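By convention in this document, chain letters (A, B, ...) are assigned in the order of the sequence lines, proteins followed by strands, and residues within each chain are numbered from 1. All values reported here derive from a predicted model rather than from experimental measurement.
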Amino acid sequence: MTEVTFKQFRSAAAGAIADPRLQSAIDGATLKFRTERHHALTELPDVDAMRDQLKAIRAATLSRLADHLETFERQATATGAKVHWARDAAEANQIAIDIARQHGVELIVKTKSMATEETHLNHALIDAGITPVETDLGEWIIQLAGEPPSHIVGPALHKTRQQVAELFSKEVGRELDPDDIPGLTAEARRLLREKFLAAGLGITGANLAVAETGSIVLVTNEGNGRLVTSAPPVQIALVGIEKIAPTWDDAAVWLQLLARSSTGQPLSIYTTAITGPAKADDPDGPREVHIILMDNGRSNQIGTGYEEVLECIRCGACLNACPVYQEVGGHSYGNPYSGPIGAVLVPLLFGLKEYEALPHASSLCTACLDACPVRINLPRMLLDLRRDEVQGRMLSPVERFIEQAAAYVLGHYRLYRLLTGTARIFQRPLVRGRFLRVPRRVNPAGERDLPSLAKRSFHDLWDEIR
Amino acid sequence: MSESKRIALMVTCLVDQVMPEVGVAAVRLLQRAGYTVDFPTEQTCCGQPFFNSGFRDQAVKLARRAVEIFEPYDAVVLPSGSCTTMIRAEYPHVLEAWPEWYERARQLAAKTYELSEFLVHWARWQPPHVANAPTLTYHDSCHMNRLLHLKQEPRTLLTAAGCTIVEMNESDRCCGFGGVFSIRLPEVSNAMTAEKVRRAAATEAGLLVSSDPGCLMQMRGMIKNTPLRAEHLATVLEELTR
Amino acid sequence: MSARDEILNKLRSRSRQPDTHPPAWRSRRHFDDLAERFAESLGKSKGEVIRAGSLDEAFEQLDQTLLALGARCVVANDEPPLSQIDLAARWPGMQWHIVGRTPGDLRGFCATADAGVSSVVAALAETGSVVVTSGPGKSRLATLLPPVHIALVPESCLTADLYTFTAARQGPPPAMQTLISGPSKTADIEQTMAVGVHGPKRFIVILYRD
């Protein structure tokens, strides 16, 4: 079981902060995403109403999720798709492996999918002797590097072109020029084209699934989503159970805000809906389509104060807005889901004890709340997770004591004045102007100067100034 | 204007202990705007630190305490955007399990104001224009800007007093404080503050102003090697309008 | 209990009081000139638009486009208006694969073709998108594998936006429907835009009055 303790988070974050190449990569990418999102949203005269609509759609859908899932299953089945259900990641992976084995598949092409990242499907496939190839350029880069994605939308945004050129050079067996990005892209096209045409199975996620027609909707700019669902004879889509849009009218709102919030495009280059396998008289397309509806901790949130987290459409806008993410990068979160949404979602899906640091990886600045197209109140949920940690006695006894003692003192103002008065006396040898001179290694604020208490408190001054 | 109204200053624990001059300046400004200010001396802390670190029971106790202390007044003014947000946005939520307390919290929330908000909208006070007022850059604190939507009010006051505001890149970017966050994850917090300070320094304004004592304390801790001075809106305005 | 029943039962037992589903969002866009807006939007995402005053003129534009490309192998979907003319007779110097009519390996042909030609079922003015679908004579790979995709788009199939398009849908959807809003592109290497990573490097729309 993976863990992200305070110690681990701090050490990963410190590493990221000390890496100037990484910092400039993250700064550049998030700034670009942020700026383009801003333009794309502000050019819509009715964007606030549209966001309210998406919020209402997502909330209402979750309140009747079982009904919508049944509708989806019925409609998808009617089109000839096979619908499977998975309680957890292991079940989902096993279903995919079984399908691959039934067809004797050795090579699989994949689109970028957070759901398959969540289940670590690639590891499971490799263990089963099957080769998965990521076809989204960013995902392929990190697959070659053996790394998890560092961003929901730009999985390889932490990689520089030199690092990419190095990875690709190894793959093609000759030196590639890092400054020729179109050239690098062309190499990827050539290499991956062979894989598309050779693969026996295509695996996708789903940006959303439309219940009324049983359709899977995939959004890509590269066209790999189209290729994965066109070239191989069999397709599997792994879909989180929360990704349901009841109708196409709902899906339209979702798609508009998804594209504008994630990459700042009016629509992504390709928005593809797959409704069942190819028809008998279609000239091409998959002859079999399997859809795996996966729970993996999602149903636990339904009906709780955390249900709202399931409204997420994975646009990544909260990551781009988050000043913490911009410093620490995606890998510090220890999970494919990073940034503010990861800080909430990961402890909820995979355990608050295991991911104790994540609810604290936020200054509660609320930039994520502003950025979220669905207006998910992530800061509220971070606060509630911290409350759960306190109530579940997950914090150290020392911290617990300090917080409780401080609150007690602040609840008794004579005691408060007495103790702060005493502290004024004891701090004297350390005071340097507005600051305390504390040796760095015992300074809980690190390199930041701690403030000294003023010579006299406002309480002390009040009688003179009133 | 109703000078007969009873105005209470909630000075906040940070101003009380670390920067009392901000409280003094706030009192002077309110007086100049024509108000008599009261300071209920039993006040301590709004409870936000405990709310933010998950200690709800403790936050509830301090919230109730503040409700009791401040509810007799016609208006409560704070020189802190984030403590104002605590009372306005969070007290009703924190106390929602107790209908009577919830109602009292709502009533208190409805008459609680951040200082610049109070001066601009309720006191309708306009500072006199001062020649040679400083050039400065303004840091929008997160809660004041995004939750209370008070972005223009401090700028209105500073500009009226003659200050020139040079906006920094993303003035609403978090300063890195975040209360206990700044101690739990100091490396991250400090990196955020360094970024903030870099952007402020890039304006070459020399003076960095904010309406939040928490942000000020944080930024002051990281500006030692810069030409910047970080000051509270209240002290800057008070000096200018003496 | 099956995974299906377990998940559905759990959702049902936990669900709160259902919210009322909001009424469908309807388009609020109005464009005086749909064709103009379409061309402008598609241009922004690096798509190319050629205007033609009639279908005949559109075919002439197609002639010139294929000539300019130096295309020798072209795959075409067998759908109107392409099905109205004898492509092989019109361009005797080129090797044509008409989907569903030309025998042989469609996939192999698409993989080496210089261009793919199709029509569309609709075009969205706001975002500069065309809608292509699967169906008899309509290959998915024909508009995807060749380096250039040329789409013949009659102005009569223009609609305001995604909302007017979804509101007008009828009957069960095809197995595949794709909205195309430009050439294939990526910004995965240092946010630098590169076109043609997997799909067509050029997306050319011949928009004609009908």
Side-chain angles (χ1 to χ4, degrees), chain A residues 28-29 32 46 53 56-57 59-60 63-66 69 85-87 91 137-138 154 156 160-161 164 181-182 184-185 188-189 192 197 213 215 221-224 226-227 230 248-249 252-253 255-256 266-267 269-279 281-285 295 299 302-303, chain C residues 2-4 6-8 10-12 14-22 24-25 28 41 45 99-100 106-107 111 126-127 129 134-141 144 162-163 166-167 169 172-186 188-192 194 196-199:
Chain A
K32 184 156 185 283
D46 42 11
Q53 175 80 4
I57 290 169
S63 74
R64 288 183 44 207
L65 188 55
L69 285 166
W85 299 75
R87 294 180 188 87
E91 280 190 7
L137 187 61
T160 61
R161 61 184 191 284
V164 173
I181 289 175
L184 292 172
T185 308
R189 179 187 174 100
L192 289 172
L197 296 174
T213 54
S215 309
N221 279 318
E222 301 179 0
N224 58 324
R226 293 178 69 195
L227 271 163
S230 299
W248 271 103
D249 290 321
V253 182
L255 288 167
Q256 287 266 294
L267 270 183
I269 296 295
Y270 302 114
T271 301
T272 303
I274 300 298
T275 309
K279 304 273 193 279
D281 48 7
D282 284 356
D284 46 22
D295 182 351
S299 61
I302 292 289
Chain C
S2 71
R4 175 189 185 277
E6 205 173 294
I7 293 167
L8 290 174
K10 194 167 166 196
L11 291 174
R12 290 223 159 81
R14 286 171 158 264
S15 284
R16 59 195 165 84
Q17 193 67 26
D19 293 349
T20 314
H21 205 80
W25 180 274
R28 302 179 182 191
S41 298
S45 58
V99 175
L106 168 66
R107 185 184 166 109
E126 185 193 31
T127 50
S129 315
S134 60
K138 289 157 60 162
S139 158
R140 304 181 193 210
L141 295 174
L144 185 53
L162 186 56
Y163 300 113
T166 54
R169 75 195 183 279
M176 188 285 306
Q177 170 183 293
T178 289
L179 274 68
I180 303 176
S181 312
S184 158
K185 65 178 183 181
T186 183
D188 276 343
I189 305 176
E190 290 193 358
Q191 284 68 57
T192 304
V197 60
H198 292 309

Query raised in the report: Rounded to the nearest 0.5 Å, what separation is found between the OG1 atom of C:Thr186 and the CG atom of A:Leu184?
Result: 11.5 Å
Query raised in the report: Can you list the steps and then say if A:Trp248 with C:Leu162 is a side chain to side chain contact (heavy atoms under 4.5 Å, CB included)?
Result: CA-CA 10 Å; A:Trp248 271 103; C:Leu162 186 56; over 6 Å; no
Report summary line: So, the part of C:Pro172 with a heavy atom under 4.5 Å from chain A: the answer is neither
**Report entry** Residue A:Leu255 versus chain C: region with a heavy atom under 4.5 Å
**Finding:** side chain
Query raised in the report: When only pairs under 4.5 Å are counted, which of C:Gly100, C:Ala167, C:Ala111, C:Gly196 shares the most heavy-atom pairs with chain A?
Result: C:Gly196
Report task. Would you check if A:Leu197 and C:Arg107 make a side-chain contact, meaning some heavy-atom pair closer than 4.5 Å? Result -> yes
Requested in this report: Apply side chain to side chain contact (heavy atoms under 4.5 Å, CB included) to C:Ser2 and list each qualifying residue two or more places apart in sequence or on a separate chain.
Outcome: C:Arg4, C:Asp5
Requested in this report: Heavy-atom distances under 4.5 Å only: say whether C:Thr20 touches chain A with side chain, backbone, both or neither.
Outcome: backbone
Query - Side-chain heavy atoms of C:Trp25 within contact of A:Ile57, under 4.5 Å - result: no
Report task. Could you tell me whether the side chains of C:Asp19 and A:Ser63 share a donor-acceptor contact shorter than 3.5 Å? Result -> no
Report task. Could you tell me which of C:Glu6, C:Arg169, C:Lys138 has the largest number of non-hydrogen atom pairs under 4.5 Å with chain A? Result -> C:Arg169
Query raised in the report: chain C: which of A:Gly28, A:Gly303, A:Gly138 shares the most heavy-atom pairs with it under 4.5 Å?
Result: A:Gly138
**Report entry** C:Lys185 backbone acceptor or donor facing A:Asn221 side chain under 3.5 Å
**Finding:** no
**Report entry** Max heavy-atom pair count under 4.5 Å with chain A, selected residue of C:Ala194, C:Gly137, C:Gly135
**Finding:** C:Gly135
Query raised in the report: If you count heavy-atom pairs under 4.5 Å between each of A:Pro266, A:Ser230, A:Ala86 and chain C, which one has the most?
Result: A:Ser230
Query raised in the report: Minimum heavy-atom separation for A:Arg189 to C:Gly199, with atom names?
Result: NH1-O, 2.5 Å
Report task. Could you look at A:Leu137 and say if it's the side chain, the backbone, both or neither that has a heavy atom under 4.5 Å from chain C? Result -> both
Report task. Give, as side chain, backbone, both or neither, the part of A:Leu192 having an atom under 4.5 angstrom from any heavy atom of chain C. Result -> side chain
Query raised in the report: Which distance, rounded to the nearest 0.5 Å, do you find between the CG of A:Leu65 and the CG of C:Leu11?
Result: 5.0 Å
Report task. Between chain C and each of A:Pro182, A:Gly276, A:Ala29, count heavy-atom pairs under 4.5 Å; write down the option with the most. Result -> A:Ala29
Report summary line: Okay, A:Val253 and chain C: the region with an atom under 4.5 Å from a heavy atom over there is both
Query raised in the report: Taking every heavy-atom pair that is under 4.5 Å apart, which of C:Thr166, C:Leu8, C:Ile7, C:Leu144 has the most such pairs with chain A?
Result: C:Leu144
Distance-only donor-acceptor hits, side chain of residues 173-183 of chain C, under 3.5 Å, sequence neighbours excluded:
| unit_1 | atom_1 | unit_2 | atom_2 | d |
| --- | --- | --- | --- | --- |
| C:Thr178 | OG1 | A:Thr272 | OG1 | 3.1 |
| C:Ser181 | OG | A:Ser268 | O | 3.4 |
| C:Ser181 | OG | C:Ser129 | OG | 2.8 |

**Report entry** Which portion of C:Glu126 sits near chain A, non-hydrogen atoms under 4.5 angstrom
**Finding:** side chain
Query - Approximate separation, where rounding is to 0.5 Å, of A:Arg87 CZ and C:Lys10 NZ - result: 10.5 Å
Report task. Could you tell me whether the side chain of A:Gln256 reaches within less than 4.5 Å of the side chain of C:Thr127, counting heavy atoms only? Result -> yes
Query raised in the report: Quick one: does A:Arg161's side chain have a donor or acceptor within less than 3.5 Å of a partner on C:Glu190's backbone?
Result: no
Query raised in the report: For the candidates A:Val164, A:Asn224, A:Leu69, which exhibits the highest count of non-hydrogen atom pairs separated by less than 4.5 Å from chain C?
Result: A:Asn224
Report task. Heavy atoms only: give me the nearest A:Asp282-C:Ser134 pair and the separation to one decimal. Result -> OD2-OG, 3.6 Å
Query raised in the report: Which value, rounded to the nearest 0.5 Å, describes the distance between C:Arg140 atom CZ and A:Leu227 atom CG?
Result: 11.5 Å
Report summary line: Between the OG atom in C:Ser15 and the CZ atom in A:Arg64, the distance rounded to the nearest 0.5 Å is 10.0 Å
Query raised in the report: With respect to chain C, which residue among A:Gly223, A:Ala188, A:Pro283 yields the maximal number of heavy-atom pairs within a distance under 4.5 Å?
Result: A:Pro283
Report summary line: Comparing A:Thr275, A:Ile302, A:Asp284 against chain C, the one with the most heavy-atom pairs below 4.5 Å turns out to be A:Asp284
Query raised in the report: How many angstroms lie between CD1 in C:Ile189 and OG1 in A:Thr160, if you round to the nearest 0.5 Å?
Result: 10.5 Å
